Amino acid sequence: MRALIALLALLAFGGIARADETVLRVGDQHGNARALMESAGVLADLPYRLEWSEFPAAAPLLEALNAGAIDAGGVGDAPFTFAAAAGVPVKAFVAFRNKQDGLAILVAKDSPIRNVADLKGKSIATNRGSIGHQVVLAALEEAGLPANAVTLRFLPPADAKIALASGSVDAWATWEPYTSTAELAGLARVVRDGNGITPGLSFAVASDAAIKSKRAQLADFGRRLVKAREWALKDPAPYAAVWSKLIGLPETVPLRWFSRAEYRAVPIDDAVIADEQRNIDLYVRSGLIPAARAPRAELILDRSFEPAAAAVR
C-alpha cells in the first residue's frame with residue numbers, strides 16, 4: 001500500500017512538473033534552424049519544451065512574434081530592421097554572418113539585362129522589407145541610381161517566381177533557398193548578389209516579453225544554435241540531407257546554399273552594431289523608414305546574452 005501511495009504521489013508530482021514546464025515557441029523559416037539543430041544533435045536533454053512554428057518568410061514570422069504567438073525566431077537583418085522601426089517589441093540576441101551569393105537579383109536566362117544599370121526603368125519583384133528589398137536598394141546605390149529608378153512589385157516568393165517566369169516582371173530579388181532552386185533548375189541567372197554591398201547579417205531575435213520572462217531558455221537555445229552552426233561549417237552535407245527531407249526539395253539545393261553561405265556565429269560587437277546601423281541609414285536615405293521612426297542599432301541588439309555570445313568567442 002505504501003508503495004502504491006508513493007507511486008501515485010510521484011505520478012502526481014510529475015503531472016504538476018509537466019504542467020509547469022516552460023515552453024519556448026520558436027519561429028523557423030523553411031525548417032532552417034530546426035533541420036540544423038536536429039541534424040547537429042544539439043536538442044537532446046532540453047530543460048524546457050521547444051515548439052516550432054514554420055513560416056515562408058521573415059515578415060509573417062515577425063508578425064507572429066508581434067502578436068505574441070511565438071517567443072523567438074531567426075530572421076535577416078532587413079526584416080528585423082523594418083519590424084523594429086514599425087514598433088515591434090523585438091531585439092536580436094545572437095548574430096550570424098554569411099556570404100551573400102544566395103542573396104541576389106535574378107533575371108530570366110535569356111534576359112537582355114546584364115548589370116544593375118540595365119535595370120533602370122524595369123520592374124523587380126521582392127518582399128517589402130525583406131533582404132531582397134535590401135539588396136535592390138544597395139545595388140542601386142552602388143550603381144549611382146536612385147531608389148525610384150526601378151518599379152518594385154511587392155510579392156511573396158512563390159508569386160514572384162511565377163511573375164519572373166511569365167515575364168510580368170523583369171527581375172526578382174530574393175534569397176535562399178529560392179536562389180539556389182532557380183539557378184539549379186536553369187530558370188534564372190544572377191545580375192548582382194549581395195557580396196560587398198550588404199553585411200550578410202542574420203539574427204536570432206526574441207520579443208521583449210520573452211527576454212524578460214524566458215531569458216534562461218533563450219540563452220540556452222542560443223548556445224545550442226551557435227554550436228549547431230559551428231558543426232555545420234565543418235561539413236554541411238548531413239544538415240542538407242535533413243533539411244531536404246523536412247522541406248521536400250532536392251538535396252542539391254540546400255547543399256549548394258549551405259556550402260557557399262558559410263554561416264558563422266559572431267558576437268554582437270561594435271562591428272555588428274555598426275553594420276546594422278548602416279542598414280538603418282540605408283532605409284532612411286531611401287525614404288522607406290522615416291528618420292523620426294528610425295531605431296538606433298545599439299538599442300535593438302541585445303549584448304546582454306553573454307552565455308550565447310561567449311560560445312562564439
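Numbering of residues begins at 1 and proceeds along the displayed sequence. Note that the coordinates shown come from a computational prediction; the quantities given were computed from them, not determined experimentally.
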State the [atom1]-[atom2] distance between [X] and [Y], to the nearest 0.5 angstrom.
X: Q277; Y: I273; atom1: CD; atom2: CD1; value: 9.5 Å
X: L288; Y: I280; atom1: CG; atom2: CD1; value: 13.5 Å
X: L61; Y: I70; atom1: CG; atom2: CD1; value: 4.0 Å
X: T179; Y: D101; atom1: OG1; atom2: CG; value: 9.5 Å
X: L155; Y: T174; atom1: CG; atom2: OG1; value: 11.0 Å
X: S207; Y: L62; atom1: OG; atom2: CG; value: 11.0 Å

Judged by atom type as modelled, is there a donor-acceptor pair below 3.5 Å linking the side chain of [X] to the main-chain atoms of [Y]?
X: R192; Y: N195; value: yes
X: R153; Y: I124; value: no
X: N98; Y: A261; value: no
X: S123; Y: D170; value: yes
X: D118; Y: R114; value: yes
X: D28; Y: E54; value: no
X: Q29; Y: G74; value: yes
X: N127; Y: S130; value: no
X: S39; Y: L36; value: yes
X: S286; Y: Y283; value: no

Side-chain touch [X]/[Y], heavy atoms, less than 4.5 angstrom:
X: L106; Y: V191; result: no
X: W172; Y: I105; result: no
X: L255; Y: T252; result: no
X: E276; Y: I300; result: yes
X: D71; Y: V26; result: no
X: L24; Y: R49; result: no
X: L103; Y: D193; result: no
X: M37; Y: F221; result: yes

Notebook entry, point to check: Mind checking whether H30 and Y178 have parallel, tilted or perpendicular rings, split at 30° and 60°?
Noted result: perpendicular

Check: In terms of the angle between their ring planes, are W243 and W257 parallel, tilted or perpendicular, with boundaries placed at 30° and 60°?
Finding: perpendicular

Exercise: identify the closest heavy-atom pair between [X] and [Y]:
X: L249; Y: S244; value: O-CB, 3.1 Å
X: A171; Y: L119; value: CB-CD2, 3.9 Å
X: F93; Y: L218; value: CE1-O, 3.4 Å
X: P238; Y: W231; value: CB-CH2, 3.6 Å
X: P199; Y: D77; value: CG-OD2, 3.3 Å
X: T126; Y: A173; value: OG1-O, 2.8 Å

Notebook entry, point to check: Should the heavy atoms of other residues, nucleotides or ligands under 6.0 Å from CZ of R296 be counted, would the total exceed 12?
Noted result: no

Note to self: Would you say that more than 12 heavy atoms from the other residues, nucleotides or ligands in this model lie under 6.0 Å from the NZ of K122, or not?
What the structure shows: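 Counting neighbours around NZ of K122, more than 12 heavy atoms of other residues, nucleotides or ligands fall under 6.0 Å, so yes.
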
Ionic contact status for [Y] with [X], cut-off 4.0 Å:
X: E51; Y: R25; value: no
X: E141; Y: R285; value: yes
X: R189; Y: D110; value: no
X: D220; Y: R224; value: yes
X: D275; Y: R97; value: yes
X: R256; Y: E183; value: yes
X: E176; Y: R260; value: yes

Margin query: Checking side-chain polar atoms at under 3.5 Å, does N279 have a donor or acceptor matched by the opposite partner on T81?
Written below: no

Next item on the list: Only one of R215, K214, K91 passes salt bridge (charged side-chain N to carboxylate O under 4.0 Å, His left out) with D208; say which it is.
Entry: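 Running salt bridge (charged side-chain N to carboxylate O under 4.0 Å, His left out) over R215, K214, K91 with D208 returns exactly one hit, K91.
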
Notebook entry, point to check: V136 and F82: same hydrophobic cluster, using ILVMFWY side-chain contacts below 4.5 Å?
Noted result: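 In one cluster: no.
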
Note to self: Are W52 and L225 connected into the same hydrophobic cluster when the rule is that any two of I, L, V, M, F, W, Y join if their side-chain heavy atoms are below 4.5 Å apart?
What the structure shows: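 Yes; W52 is reachable from L225 via cluster members.
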
Next item on the list: Assess the pair Y263 and F96: is the distance between their ring centroids shorter than 6.0 Å?
Entry: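 Judged by ring-centre distance (under 6.0 Å), Y263 and F96 do not meet the cut-off.
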
